[in-house]
Amino acid sequence: PKQVGPSTDDGFEDTQDGMDILETDLDEKSVSQQQQKLMGLALSVKKGDTPKSKVSKKIKDVAKSMSEKDLEDFASTKHKGLPKKVSKKETKENYMDIIGKGYTNLTKEKVSKMTPNPVYEELEKPMIQVLSQMEEKGIKIDDKILKNLSIKFEKELKVLEKKIYELAGEEFNIASTKQLGDILYKKLKIIGTKKTKKGNYATNVNILEDLAFQGHDLPRLILDWRQKSKLKNTYTDSLQEFIDPKTKRIYTSFLLAATNTGRLASSDPNIQNIPIKSVEGKEIRSAFIAEKGNFLISADYSQIEMRILAHMADVKELKKGFLNSEDIHNMTAAQIFEVKHSEINEEMRRKAKAINFGIIYGISSYGLAKQISVSNTEAESFLRSYFKKFPEIKDYMNETLKSCRKNGYVKTIFGRKCNFPNINDKNHTLRTFQERASINAPIQGTAADLLRFAMIKIDQKIQNQDLKCKMLLQIHDE
């Protein structure tokens with residue numbers, strides 16, 4: 001708009017209204033109500049209903065409880081929950097008249113006073129060029145492999161469907177959660193029913209995994225069918241649509257600021273969630289190939305998040321193990337099960353590995369029990385033993401939670417801020433999710449920062465030494 005600041009008609013040209021409304025660190029409660037209040041004030045000023053001596057304090061009081069992002073988003077796009085008598089165009093103009101100039105000036109003032117941010121200067125800005133080059137290069141795909149896999153998955157889905165119909169006693173739309181819920185709970189009368197807010201029976205992955213864990217065959221087959229369908233629809237079918245007919249390459253878009261922890265994401269297509277552990281995942285990955293006369297190099301960090309945890313929590317035994325190049329999962333198994341390294345078997349190592357990675361993501365005893373197929377009592381015993389052997393990890397978790405509850409955010413080693421506005425929420429489910437995520441964020445965020453650092457250095461080496469290679473993809477720690 002031509003007129004960015006407050007209009008002279010309302011007598012606000014020389015005032016400081018809106019200049020300091022963003023000074024307070026805020027939560028994000030009742031955003032729509034706050035936005036509606038702001039718009040109501042804006043309208044009343046324009047109509048002359050509110051004296052200019054009162055509006056400044058009212059605007060500040062409302063805006064102080066809103067985050068900078070909420071204010072910025074609201075100024076540009078958000079119009080839900082506004083007074084019905086106010087048109088979107090009129091509302092936005094009023095908002096910009098009163099607050100626009102103050103917001104702009106304040107942002108510049110705050111930025112000028114801030115100390116240089118190493119995350120922005122050393123990791124974010126240089127990544128723009130690195131990622132743009134990667135997006136332009138793309139990666140070659142063997143479409144024949146994808147086509148053959150689509151045919152194969154389609155046949156396997158037919159076999160699964162036949163088994164599911166036999167167990168259900170009738171044919172139904174497996175993709176329909178309502179029909180599936182009726183089959184599981186009404187017809188087969190499986191215990192442990194739970195309903196969604198809409199009144200339908202819950203059939204999400206957690207529910208089905210619980211039922212499969214209890215020994216029910218149909219939920220297990222449904223999970224297999226969903227996984228196979230996802231492989232076909234999301235990967236083998238979808239990836240073919242993104243292949244450039246001339247170059248036979250796909251060109252993903254990397255998202256630099258899409259996650260709270262700083263982890264890179266990608267879209268159109270998403271190449272960062274292709275499974276690797278399963279046989280099918282490896283088959284899909286085999287479709288990613290090098291140009292003729294070239295080959296692909298894949299390099300990944302060894303247990304990067306475990307190493308970061310050992311450093312951040314100052315876990316002496318883990319640090320010692322890493323420095324001595326020990327098998328960290330074997331070492332953990334020896335500590336938990338109190339056996340010699342020579343006595344550790346594959347089952348012990350598998351359980352220790354699940355605990356090591358589960359701890360990073362705040363796993364519960366119930367979650368661990370499901371993952372390694374043991375009772376809740378055994379899982380609780382494993383976790384107690386783990387924290388007894390590595391007490392520094394428990395201390396780190398407690399201190400991280402304490403700090404996050406106080407400040408509303410945690411930081412990576414590099415200083416990246418990861419915000420958790422609902423860490424003290426009254427809603428138990430939301431709060432506990434944020435608690436687990438806040439414990440993991442400094443670890444995952446630091447790993448993401450290290451990957452950025454590595455990518456920037458690799459790009460510099462390629463440029464400076466004129467190496468005959470190109471950086472094509474990044475999949476988290478790979």
Side-chain angles (χ1 to χ4, degrees), residues 139 141-188 190 192 194 196 200-243 250 252 265-289 298 350 353-354 357 361 367 369-373 473 475-476 478:
I139 186 165
I141 297 289
D142 188 332
D143 57 345
K144 291 180 182 177
I145 292 177
L146 294 180
K147 287 174 183 175
N148 290 335
L149 284 173
S150 286
I151 295 169
K152 174 189 171 186
F153 292 154
E154 180 66 31
K155 290 178 180 177
E156 291 173 351
L157 281 168
K158 294 292 183 186
V159 173
L160 280 172
E161 286 167 8
K162 186 177 180 182
K163 291 179 180 178
I164 288 169
Y165 296 150
E166 286 175 358
L167 285 175
E170 63 178 91
E171 290 191 10
F172 65 99
N173 182 358
I174 302 172
S176 167
T177 54
K178 186 180 184 306
Q179 290 185 35
L180 176 60
D182 289 341
I183 292 288
L184 288 174
Y185 303 123
K186 284 186 177 180
K187 184 173 182 179
L188 300 181
I190 291 179
K194 187 177 180 181
T196 64
N200 297 326
Y201 292 105
T203 57
N204 60 47
V205 64
N206 292 331
I207 296 291
L208 294 180
E209 282 179 350
D210 285 345
L211 295 173
F213 183 60
Q214 294 166 20
H216 298 287
D217 290 332
L218 184 56
R220 179 179 54 78
L221 288 175
I222 296 294
L223 287 170
D224 291 343
W225 182 88
R226 286 182 178 178
Q227 176 65 14
K228 196 74 68 175
S229 296
K230 183 178 180 180
L231 289 171
K232 182 178 183 297
N233 298 330
T234 308
Y235 304 119
T236 57
D237 288 353
S238 180
L239 283 174
Q240 293 180 60
E241 297 173 6
F242 288 98
I243 299 174
I250 59 171
T252 188
S266 77
S267 64
D268 304 320
N270 182 355
I271 48 80
Q272 292 192 313
N273 65 347
I274 297 172
I276 182 58
K277 293 181 180 178
S278 64
V279 173
E280 294 91 346
K282 290 176 181 176
E283 288 177 327
I284 294 170
R285 283 197 170 206
S286 70
F288 290 76
I289 59 173
S298 173
R350 184 181 71 85
K353 185 176 181 179
F357 288 117
Y361 290 91
K370 278 203 304 182
Q371 192 168 329
I372 62 177
S373 302
L473 298 180
I475 298 96
H476 305 315
E478 180 183 356

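- Side chains of Leu180 and Ile222 form a contact here, defined as non-hydrogen atoms less than 4.5 Å apart.
- The two residues Ile271 and Ser266 come nearest to each other via the heavy atoms N-OG, 3.0 Å.
- Gln240 approaches Thr236 most closely through the heavy-atom pair NE2-O, 2.7 Å.
- Side-chain contact between Ile139 and Leu473: present, with at least one pair of heavy atoms (C-beta onward) separated by less than 4.5 Å.
- Within the structure, salt bridge (Lys or Arg N to Asp or Glu O under 4.0 Å) contacts touching residues 225-234 (residues at least two apart or in different chains) are Glu154-Lys232, Glu156-Lys228, Lys228-Glu280, Lys232-Asp237.
- Side-chain contact between Pro275 and Leu231 is present, with heavy atoms from C-beta onward closer than 4.5 Å.
- How far CD of Gln227 is from CG of Leu157: 10.5 Å, rounded to the nearest 0.5 Å.
- Put simply, CG on Leu208 and CG on Leu223 are 5.0 Å apart, with the number rounded to the nearest 0.5 Å.
- Separating the CD1 atom in Ile145 from the OG atom in Ser150 is a distance of 12.0 Å, to the nearest 0.5 Å.
- Contact annotation: the side chain of Ile141 never approaches that of Leu239 to less than 4.5 Å [non-hydrogen atoms, C-beta and beyond].
- To the nearest 0.5 angstrom, Leu146 atom CG is 12.5 Å from Tyr235 atom OH.
- Remark: Lys152 NZ to Lys155 NZ distance equals 11.0 Å, nearest 0.5 Å.
- Across every non-hydrogen atom of Thr252 and Pro269, the tightest pair is OG1-O, 2.6 Å.
- Considering every non-hydrogen atom in both Arg285 and Glu478, the closest pair reads NH1-OE1, 3.4 Å.
- Side-chain atoms of Asn233 and Ser229 include no donor-acceptor pair closer than 3.5 Å.
- If you take CD1 on Ile289 and CG on Asp142, they are separated by 4.5 Å, rounding to the nearest 0.5 Å.
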Please table the atom pairs, donor to acceptor, closer than 3.5 Å between any side-chain atom in residues 163-176 and protein atoms at least two apart or in another chain.
from, atom 1, to, atom 2, distance (Å)
Tyr165, OH, Phe172, O, 3.4
Glu170, OE1, Lys187, NZ, 3.0
Asn173, OD1, Ala175, N, 3.1
Ser176, OG, Gln179, N, 3.1

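- A search for ring-ring contact (aromatic ring centres under 6.0 Å, His included) contacts involving Phe242 returns nothing, not counting sequence neighbours.
- Two residues are said to be in side-chain contact when any heavy atoms from C-beta on lie closer than 4.5 Å; Ile475 and Asn273 fail this criterion.
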